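As C-alpha cells, the structure follows; a few thoughts come after it.
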Amino acid sequence: MRILVTNDDGIDSHGILALVKSMRRLGDVIVVAPDRQQSAVGHALTVSSPLRATPFYRDGAMFGYAINGTPADCVKLAVSTLLDHRPDLVVSGINHGSNTSVNAIYSGTVSAATEGTLMGIPSMAVSVTTFDETHDMSLAADVAYTVASRLHSLNLPQGTLLNVNVPSVRAEDFKGIRVTRQGHSVWEDSYDRRKDPMGREYFWLTGTFVSVRELPDADDLVVAQGYAAVTPLHYELTNFAVQEQLKNVQW
Ligand code: MN
C-alpha cells in the first residue's frame, strides 16, 4: 500500500511526524506537505506563482517534499506529477486543533483529503483537539492507523472522505471510536483592534467557538465525551430541496 501523507500545519509539525510513523505500519509513506503553516486556507490553490518541491530532511533522513503552496496544491501536485505511482490512500494531519463542525470548511487539513477523494483516492483527515505542540500524539496516531487500515476496503464513493477528530485525553480516558455527523457549532467572530509601531490600525482574528449541542451524534459533542469522531463528509454542494423549489419559479 502506498500512502500519501500531507497536512496544513507544515512539514515540520509535530503532528505530521506522528502520522508518518503510524502510517509506516500500513505501507510505503510519501510525504508532500506545505513548507509552512497553512491552517485555515481551506481549498485554496496556487495559480499565480511558481510551486517548488524541496526535499525536506528530519533527523538526518529524507522525510518528504516541502511545497511552497497549500494543502490542496500538495495533493494535486503529488498525485498528478511528483509521484511515480498513484497512492492508494491520502491521509492528512495530524492537525493541531479540532476540525469539527464549521471548522471543516476552513480547514486546510480537511481540504487536502477532499482533494484526494476528488481525485478518486480513498482519503481521510485526522485532527486532535489541542493546539499544544507538546501533546502526546500516540492516541491520535493509533486512531489514525485504525481508521486508515479500514479505509481502502470501505469503498467510499468518490468525493466522500472521512474526517476524524480525536480528543486530547489520556489513553485510559479514551472511550473508543464513534461514527458522527458534522455538528452545528459556530464561531462568534471578533477581532483584536491594534496599532502597529507606525500608529496604523490593524486587526487580528480572535473569536470564540460556540458549542451547539442539540445533535446527539454531532462530532463536537462526541469528542467532548471522550470518543474519537469519524464523520463522512462529501462535497456535493447542491441543495436539492431548494433546487426543487426553484424549478417552480417563473424566471
Ligand atoms: Mn492546522
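Keep in mind it's a predicted model, so treat the numbers as computed, not measured. First listed ligand is number 1; within each ligand, the first listed atom is number 1.
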Residue Asp9 atom name (nearest to the Mn ion (ligand 1); N/O/S) | OD1

Salt bridge check: are Arg193 and Glu201 linked by an N-O gap of less than 4.0 Å?
-> yes

N/O/S atom of Ser107 inside 2.8 Å of the Mn ion (ligand 1), strictly under | no

Does Asn95 bring an N, O or S atom to under 2.8 Å of the Mn ion (ligand 1)?
-> yes

Show which residues join Leu51 in its hydrophobic cluster (side-chain heavy-atom contacts under 4.5 Å, direct or indirect), or state none.
-> Leu4, Ile30, Val32, Tyr57, Met62, Tyr65, Ile67, Val75, Leu77, Val79, Leu82, Leu83, Val90, Met119, Ile121

Who are the ring pair (Phe, Tyr, Trp, His ring centres under 6.0 Å) partners of Tyr191, not counting sequence neighbours?
-> none

With the Mn ion (ligand 1) as the point of reference, which N/O/S atom of Asp8 is the closest?
-> OD1

Note: Lys76-Asp73 ion pair, threshold 4.0 Å (strictly below) | no

